[in-house]
Amino acid sequence: MYSRYFSPGQKLQVQALCEDNLPPRRESMNALFCNYELGYIDVIIPHTWPLKEGVPFPADRPLEIISERYGLWLRSTASFLCQPSDKVIRLRMNNDLCIFRHHPQLRVETRIGLRYSAQRGSLPAFHRQWRQQITKLTTTAAALTAPTFSHGRVNLSASGIRMPIQTTVQKNDLCLLMLALNEVSEPICTLTEVIWTAPREEGQGTIAGMQFLNILQQDQQRIEQFVNQNKPGKTETLA
């Protein structure tokens with residue numbers, strides 16, 4: 001079944017819905033399909049996850065696999081089985097592959113506060129930084145001392161953002177991004193991956209399209225509400 005719809009090098013997203021000592025959230029990574037054996041698949045992690053860092057997903061945590069092939073959107077559930085190397089993780093599949101209808105996210109052109117740190121680096125390190133920042137933002141003291149933001153024109157949805165960026169970035173770079181939707185709400189922190197870049201039409205710098213990898217569920221809902229309030233109707237995809 002999986003061999004029919006997945007081929008080597010095919011992009012997929014592995015995501016976990018987490019509820020532990022932090023608020024409910026989604027943590028995910030983009031990976032490439034490697035091969036399928038009876039009952040499991042191997043996927044390649046472009047950013048690597050060093051074995052010394054420990055496993056990327058606990059074995060008892062349910063995972064969701066999302067991909068696209070032949071114009072069809074694919075979903076399956078799985079669990080972490082083992083990690084053969086720094087670049088490969090093995091997932092036990094639940095043999096529940098299904099095809100689903102993809103609804104493009106509603107997007108809005110708007111101006112919001114931005115603060116970011118973008119670079120090539122260790123995926124586990126970025127995950128730790130994101131969790132540390134989320135912990136700070138969920139405390140009252142940290143919320144009262146939120147950082148100042150520069151404002152920029154962006155294209156925003158609940159799944160990603162298109163934004164100007166001054167730092168030199170390339171496709172697949174990671175970015176720890178903070179958003180301020182308005183002057184009074186608490187900032188949103190998300191770990192993103194650069195999906196594409198293009199030169200700015202006016203001025204220096206780059207326009208980057210980014211996909212949200214790690215985000216609190218409540219923050220994703222806040223973005224959805226913000227987008228719905230500011231621009232109902234028209235849809236487009238990020239990449």
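This structure is a prediction, so every number in the text was calculated from the model and none was measured.
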*In sequence, state the C-alpha distance, the side-chain angles, and the governing distance for Arg128 and Glu53, and then conclude on salt bridge (charged side-chain N to carboxylate O under 4.0 Å, His left out).*
CA-CA 11 Å; Arg128 284 195 299 271; Glu53 293 283 356; 2.7 Å; yes
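- Considering only heavy atoms from C-beta on, Ile223 comes within 4.5 Å of Ile188 through its side chain.
- The closest side-chain heavy-atom distance from Trp130 to Arg25 is below 4.5 Å.
- Contact annotation: the side chain of Asn228 approaches that of Leu106 to within less than 4.5 Å [non-hydrogen atoms, C-beta and beyond].
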Show which side-chain atoms of residues 81-90 pair as donor or acceptor with protein atoms under 3.5 Å away, not counting sequence neighbours.
{"from": "Gln83", "atom 1": "NE2", "to": "Trp49", "atom 2": "O", "distance (Å)": "2.5"}
{"from": "Gln83", "atom 1": "NE2", "to": "Ser85", "atom 2": "O", "distance (Å)": "3.2"}
{"from": "Ser85", "atom 1": "OG", "to": "Lys87", "atom 2": "N", "distance (Å)": "3.3"}
{"from": "Ser85", "atom 1": "OG", "to": "Val88", "atom 2": "N", "distance (Å)": "3.3"}
{"from": "Asp86", "atom 1": "OD1", "to": "Leu51", "atom 2": "N", "distance (Å)": "2.8"}
{"from": "Lys87", "atom 1": "NZ", "to": "Ile45", "atom 2": "O", "distance (Å)": "3.2"}
{"from": "Lys87", "atom 1": "NZ", "to": "Pro46", "atom 2": "O", "distance (Å)": "3.1"}
{"from": "Arg90", "atom 1": "NE", "to": "Asp42", "atom 2": "OD1", "distance (Å)": "2.7"}
{"from": "Arg90", "atom 1": "NH2", "to": "Asp42", "atom 2": "OD2", "distance (Å)": "3.1"}

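- Side-chain N or O atoms of His47 include none that pairs as donor or acceptor with a backbone N or O of Met29 at under 3.5 Å.
- Judged by distance alone, with hydrogens and angles left aside, the side-chain atoms of Tyr2 form no donor-acceptor pair with the main-chain N or O of Gly39 at under 3.5 Å.
- Between Glu224 and Arg222, none of the side-chain N atoms (NZ, or NE/NH1/NH2) sits under 4.0 Å from a carboxylate O, so this pair counts as no salt bridge.
- Ile66 and Ile41 fall into different hydrophobic clusters, defined by Ile, Leu, Val, Met, Phe, Trp and Tyr side-chain heavy atoms under 4.5 Å apart, directly or through other members.
- Between Ile112 and Phe226, some side-chain heavy-atom pair lies under the 4.5 Å cut-off.
- Few gaps surround CZ on Phe100; more than 12 heavy atoms of other groups in view lie less than 6.0 Å from it.
- Using a cutoff of 4.0 Å between basic side-chain nitrogens and carboxylate oxygens, Glu109 and Arg162 are scored as salt-bridged.
- At a cut-off of 3.5 Å, with distance as the only test, no side-chain donor of Gln170 or Thr197 sits close to an acceptor on the other residue.
- Hydrophobic clustering, with ILVMFWY side chains joined whenever heavy atoms are under 4.5 angstrom apart, keeps Ile65 apart from Leu32.
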